[in-house]
Amino acid sequence: MKKNKILLFACLVFLYFCLISGGAFAKDESIIALPGHALGDQTLALNLGLFIPLFFQDYSGQYYPANMTLGGTGSVQWNAYLSSDIRIGLELGGCFAFTPRPDTVLMMPFVAKLTYVFNFSRFEMPVYIGAGINLMKYSENIINMAILVKPGIGLYWRFDANLSVGLNCVWWWNTELPAVDNSGMMGNFMEVTPSLFYHF
Amino acid sequence: MKKISIILFLVIILFTACEQAEHSVFWAVANAVPEVDNSLNNFLTVVSMVDDGSNFYLAAGNQIYYRVVSATGGEPWSTVILPPSVEVVTAMEFFGTSLYASFLFHNGSHGFYYNSTPTQPTNTWLAAGGGTFTGKQIVRLKVSGGSMAVSFCDYNGTNNQLYFTNDGTSFFDSTIPAETHPITDVTNAGAVFWAITRYKIFSGANNSMSEYSNAQLAGQSYGGIFYSTGTYYVSNQSGVVYSSLDTGTWTASAQKVINQKAVCFTEFAEIGGNVLVGTNKAGYYEMPGGAVADLGIPPNLSFSKLSYAWVIRFCIDTVANPDVAYMLTAQGGLYSNTYDGSAWGADWTHE
């Protein structure tokens with residue numbers, strides 16, 4: 001019951017912002033509507049937030065607990081609009097977490113992203129997929145690389161023509177390159193990051 | 001378009017430049033367990049560890065620590081009362097019924113002493129050999145073949161010498177000519193002793209050693225020398241371990257490289273038929289059955305900080321606990337693990 005109330009409250013807040021910004025799904029009609037995007041528009045974004053280890057899976061299908069603490073992650077990304085709804089971009093990030101020894105796990109993903117943006121007046125809901133590499137280091141001397149696929153979704157509020165703020169929720173699916181001892185695995189993590197977008 | 005081409009080019013370079021990783025990051029993380037960390041300081045440089053059958057003795061910094069020999073381990077360490085003004089314990093060995101140690105004192109002089117009751121609060125350190133001396137220091141004491149080798153390092157770097165004693169009181173020259181590098185390791189095959197400096201190997205009776213030359217080993221920078229059950233081993237600082245049954249023909253291991261740097265090997269030990277060899281900042285390697293062709297890193301070692309420690313040498317209590325190996329490190333303290341005859345324990349204890 002309490003969950004339903006929270007959900008209802010969130011819907012009402014969302015509706016309220018839509019209405020005050022010109023009505024649901026209105027774009028050009030509203031006197032305070034913001035200009036849409038067009039080919040050539042670009043954005044820079046900064047994301048900082050939580051890195052949530054989920055689980056590992058080896059290539060025989062067996063699952064293993066992530067065995068890491070909650071960590072931190074951050075990234076910078078650049079995007080360019082191909083149309084009013086589609087943008088492509090690059091993202092360079094970093095994250096850390098700790099194992100029980102305790103030792104530090106560091107990762108540095110570098111991905112190319114394709115994003116489709118659903119526009120709801122002042123709200124934007126980007127749905128994207130990124131693919132690239134993830135450079136990883138554990139302890140002092142274990143270094144390897146993974147192929148990284150990052151599907152994600154976000155919800156942003158456009159503060160003005162240049163700034164948006166919002167929240168990202170991204171799944172990290174890593175396929176580690178096989179090591180000499182054939183012990184490569186797949187790593188699954190979650191990223192939840194508040195984000196700041198600059199449009200230019 | 002040009003920017004994208006440059007980025008793609010850099011990504012391709014990155015992929016092709018990376019060598020295959022030795023271990024999986026995810027596998028190491030998934031299997032990480034809390035390290036068992038006992039009471040000994042984890043940043044000690046442990047130059048020597050010996051036992052007299054009832055106590056272990058460990059030389060590190062300006063202390064000699066001791067604790068009882070037990071199968072379980074983990075007992076607290078106590079400190080041996082040393083002569084006044086000891087700056088550093090440079091070497092230590094147990095020979096006969098006494099603990100021998102060399103000290104650097106605050107005033108820059110050195111001393112070579114022995115003690116037959118080191119754990120007693122009123123122990124007495126007696127001068128061994130010449131007692132105190134200046135201008136040189138003892139860098140190694142090692143019992144081998146019923147003798148104790150005493151290696152002097154001359155501060156001028158021109159007169160490094162090796163002595164032996166058979167009774168702990170009288171010392172005699174190995175006849176190795178004055179060397180520019182100190183003797184760092186000694187072993188023996190029966191009455192024939194072997195010793196290495198950084199660039200030379202010597203062999204012979206311990207009172208008449210001479211330089212050994214072999215075309216396969218020429219030009220090497222040596223790390224350790226060892227003899228075990230009919231096989232001689234020599235490690236070098238360029239990622240290779242050699243073995244020989246007759247010291248005439250040597251078999252080389254594949255060169256070991258980590259992060260594009262050759263592994264720098266140090267000294268050897270033997271446990272359960274396997275030969276271990278330490279490294280400078282890459283933990284230690286093992287040769288199952290003593291075969292250099294099988295030289296490799298023990299499974300699971302990558303989980304431990306020992307995997308990037310400088311393992312100076314090993315200590316194995318061959319009498320009471322022959323299945324327990326201690327790894328003496330530089331600035332990484334002391335590690336131990338049990339070898340059950342087929343595999344190491346799941347993790348290395350940081351003593």
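A note on names: the letters A, B, ... follow the listed sequences, proteins ahead of strands, and every chain is numbered from 1.
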Inset, instruction - I would like to know whether B/D347 and A/R101 meet salt bridge (charged side-chain N to carboxylate O under 4.0 Å, His left out); could you show each step before the answer? - result: CA-CA 11 Å; B/D347 197 12; A/R101 292 199 69 79; 3.2 Å; yes
Inset, instruction - Can you tell which part of A/D58 gets under 4.5 Å to a heavy atom of chain B, answering side chain, backbone, both or neither? - result: neither
Legend entry - Atom of B/A32, atom of A/P100 and distance for their closest heavy-atom approach: O-CG, 3.9 Å
Inset, instruction - Hey, could you give me the CZ/OG1 distance between B/F26 and A/T175, rounded to the nearest 0.5 Å? - result: 8.5 Å
Legend entry - Residue part contacting chain B, namely of A/P53, when any heavy atom lies under 4.5 Å: neither
Legend entry - Max heavy-atom pair count under 4.5 Å with chain B, selected residue of A/E176, A/M107, A/M185, A/K137: A/E176
Inset, instruction - Please look at A/M186 and chain B and tell me whether the side chain, the backbone, both or neither of the residue comes under 4.5 angstrom of a heavy atom of that chain. - result: backbone
Inset, instruction - Could you grab the distance from atom CD1 of A/I143 to atom CD1 of B/I258, nearest 0.5 Å is fine? - result: 10.5 Å
Legend entry - Neighbour count above 12 (heavy atom, 6.0 Å) for A/M108 CE: no
Inset, instruction - Check A/A66 against B/V29 and note the closest heavy-atom contact, atom names and distance. - result: O-CG1, 3.6 Å
Legend entry - Residue B/W310 excluded, over 12 heavy atoms near CH2 under 6.0 Å: no
Inset, instruction - Taking the side chain as every heavy atom from C-beta outward, state whether A/D103 and B/E35 have any pair of such atoms under 4.5 Å apart. - result: no
Inset, instruction - Ignoring hydrogens and angles, tell me if any N or O in the side chain of A/N144 forms a donor-acceptor pair with the backbone of B/S24 under 3.5 Å. - result: no
Legend entry - Spacing of A/I142 atom CD1 and B/W27 atom CH2 [to the nearest 0.5 Å]: 12.5 Å
Inset, instruction - Please say whether more than 12 non-hydrogen atoms of neighbouring residues, nucleotides or ligands are located less than 6.0 Å from CD in B/Q331. - result: no
Inset, instruction - Determine whether more than 12 heavy atoms belonging to other residues, nucleotides or ligands lie under 6.0 Å from atom CZ of A/F55. - result: yes
